[in-house]
Amino acid sequence: MAWPVGAYNARMAGSAAHDIEPSAIRRRLRAWYRRHARDLPWRRRRDAYAIWLSEIMLQQTQVATVIPYFATFLQEFPEVADLARAERSTVLRLWAGLGYYRRAHQLHAAAQHVVREYGGEFPKTVEGLLTLPGVGRYTAGAIASIAFDCRAPILDGNVKRVLARLTASPASPDDPREIRRLWSLAEALLPRRGSGDFNQALMDLGATVCTPRDPDCARCPLARDCAAHLSGRTAEIPRPKARARVQPLKLTCFVVTAGDRVLLTERAAGGLWAGTQALPAGESVNGNGLRSVARELLPVAVLRRIRSWQPAGEVRHRLTHRDVTVEVHAAAIARVRVPAPYRWSGDGDHRVLPTVFRKVLRLEHFREFSGETSPK
Ligand code: SF4
């Protein structure tokens, strides 16, 4: 059976009509996947907990970065109930460095939801999975198809690219109508059984062969099905996304030391680095002097002991939509009791701060401060 979406889009794009055959695509992709599937740790145990954990970590994060975090979480929390029982601060500490800290909050909340509402077993349907905090249609489809062999489609960046090229779609990948069309196509292509492997094969093809730049069409099992390849337009499909503007953000950060300890606090639940242990840092508001920013960010007991601030340098840090500049000021005092959420750092705490604060502590000014602070 020829599927009409391919013909429709190829004609729209001005090339010769081109039909795609779902059964041929399934056959070729499965054969390719048997030989070329990536050996990823979460594929060694196909249970919902491991798949969910990996999918949340992989959101906007590269596979190589995720692998050690995945191993640590499974070691610390072998089952979802272990994660649900953990202190939020422990989860955030283990997540440190992976970025997008909102995911860690949602991960913990979802584990508690699974235990509370589903007796510690992940729901087996897309609808049930969608009730978990932080789980959207893509993640639900991945868990349902891989762990429970549901006939559920997925559509991540890799799959979008493959399907857009397969059908030579001229549409923007951000266009809601195009997104709906690609979801329909992803669903229409699914086999009756083995959707998990089919979905993973599409992901792997997008990650390793049908790459954003210079897709390796000579090695692609779908080359004879692919309208973009057959019409020589792989370079222009999918249409490049409109780039989101990167906004500058200026922060003032205070590093207060007492001997070999540094003053830490907990970031607010919303916003950047939400809920993490961090150095006191806040937005520099125009016209506000250093003292007034310090008054907002530090406890009175500490402020009373600070005679003057020493400028310690500047750190630049790039987030997806923010270009962050951190102006750093330092002061050394005798250790005093501080109210929660402030506390003095303990051994190893510096290593689990979000990357931007680890960069701050690597400034020359803090060289002797601890082993962690020497510049790398
Ligand atoms: S033939 Fe080329 S463009 Fe088409 S799916 Fe394969 S790698 Fe991607």
Side-chain angles (χ1 to χ4, degrees), residues 1-40 43 58 60 62-64 138 141-142 145-146 151-175 177-191 194-242:
M1 181 195 80
W3 209 67
V5 171
Y8 173 68
N9 282 289
R11 273 200 292 274
M12 267 185 61
S15 66
H18 172 82
D19 291 349
I20 58 174
E21 288 275 3
S23 58
I25 287 177
R26 288 177 204 131
R27 200 176 53 247
R28 292 196 250 278
L29 203 52
R30 277 206 202 109
W32 175 83
Y33 186 65
R34 276 195 290 277
R35 279 179 289 130
H36 299 286
R38 287 178 293 172
D39 178 24
L40 300 171
R43 289 186 180 168
L58 285 164
Q60 293 167 298
Q62 294 190 339
V63 166
Y138 163 78
S145 63
I146 299 168
R151 201 171 168 277
I154 58 159
L155 191 69
D156 67 352
N158 285 324
V159 176
K160 259 190 199 174
R161 186 168 58 255
V162 172
L163 298 184
R165 283 175 174 161
L166 213 50
T167 53
S169 170
S172 158
D174 300 326
D175 178 348
R177 267 194 315 180
E178 172 69 352
I179 293 171
R180 277 199 299 278
R181 185 188 76 83
L182 293 175
W183 272 110
S184 305
L185 178 53
E187 187 162 12
L189 287 174
L190 285 175
S195 290
D197 277 354
F198 181 82
N199 283 339
Q200 291 183 100
L202 268 181
M203 285 192 243
D204 281 15
L205 189 74
T208 62
V209 177
C210 193
T211 46
R213 280 191 205 161
D214 303 324
D216 193 352
C217 302
R219 280 201 311 125
C220 179
L222 306 184
R224 74 189 84 166
D225 308 289
C226 177
H229 170 60
L230 294 172
S231 59
R233 286 177 298 138
T234 56
E236 66 208 59
I237 295 170
R239 201 199 288 178
K241 281 181 161 202

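Ligands are counted one by one from 1 in listed order, and the atoms in each one are counted from 1 as well. These numbers come from the heavy atoms of this one structure, side chains and all, not from hydrogens, waters or symmetry mates. Computed from a predicted structure; not experimentally measured.
Atom CZ of Arg38 and atom OG1 of Thr208 lie 6.5 Å apart (nearest 0.5 Å).
Residue Thr234 has at least one heavy-atom neighbour below 4.0 Å for each of these atoms of ligand 1: 3 (S). Close approach of ligand 1 to His229 is summarised as follows: ligand atoms under 4.0 Å from at least one heavy atom of the residue are 1 (S). For ligand 1 and Cys210, the ligand atoms under 4.0 Å from any heavy atom of the residue are 3 (S), 5 (S), 7 (S), 8 (Fe).
Among the backbone and side-chain atoms of Cys226, none of the N, O or S atoms lies under 2.8 Å from atom 8 (Fe) of ligand 1. Because the distance cut-off is set at 2.8 Å, Cys220 qualifies as a neighbour of atom 6 (Fe) of ligand 1 through one of its N, O or S atoms.
A distance-only check finds a donor-acceptor pair linking the side chain of Arg151 to the backbone of Pro191 [under 3.5 Å].
Using a 4.0 Å cut-off between a side-chain N of Lys or Arg and a carboxylate O of Asp or Glu, Arg43 and Asp204 qualify as a salt bridge.
Between Arg165 and Pro238, some side-chain heavy-atom pair lies under the 4.5 Å cut-off.
When all heavy atoms of Trp32 and Ala201 are compared, the pair lying nearest together is CZ3-O, 3.7 Å. Looking at every heavy atom in both residues, Arg26 comes nearest to Leu189 through NE-O, 2.7 Å.
Of all protein heavy atoms, the one closest to atom 2 (Fe) of ligand 1 is Cys217 SG, 2.3 Å.
Nearest to atom 1 (S) of ligand 1 by heavy atom, out of Gly206, Ala218, Ala223, is Ala223.
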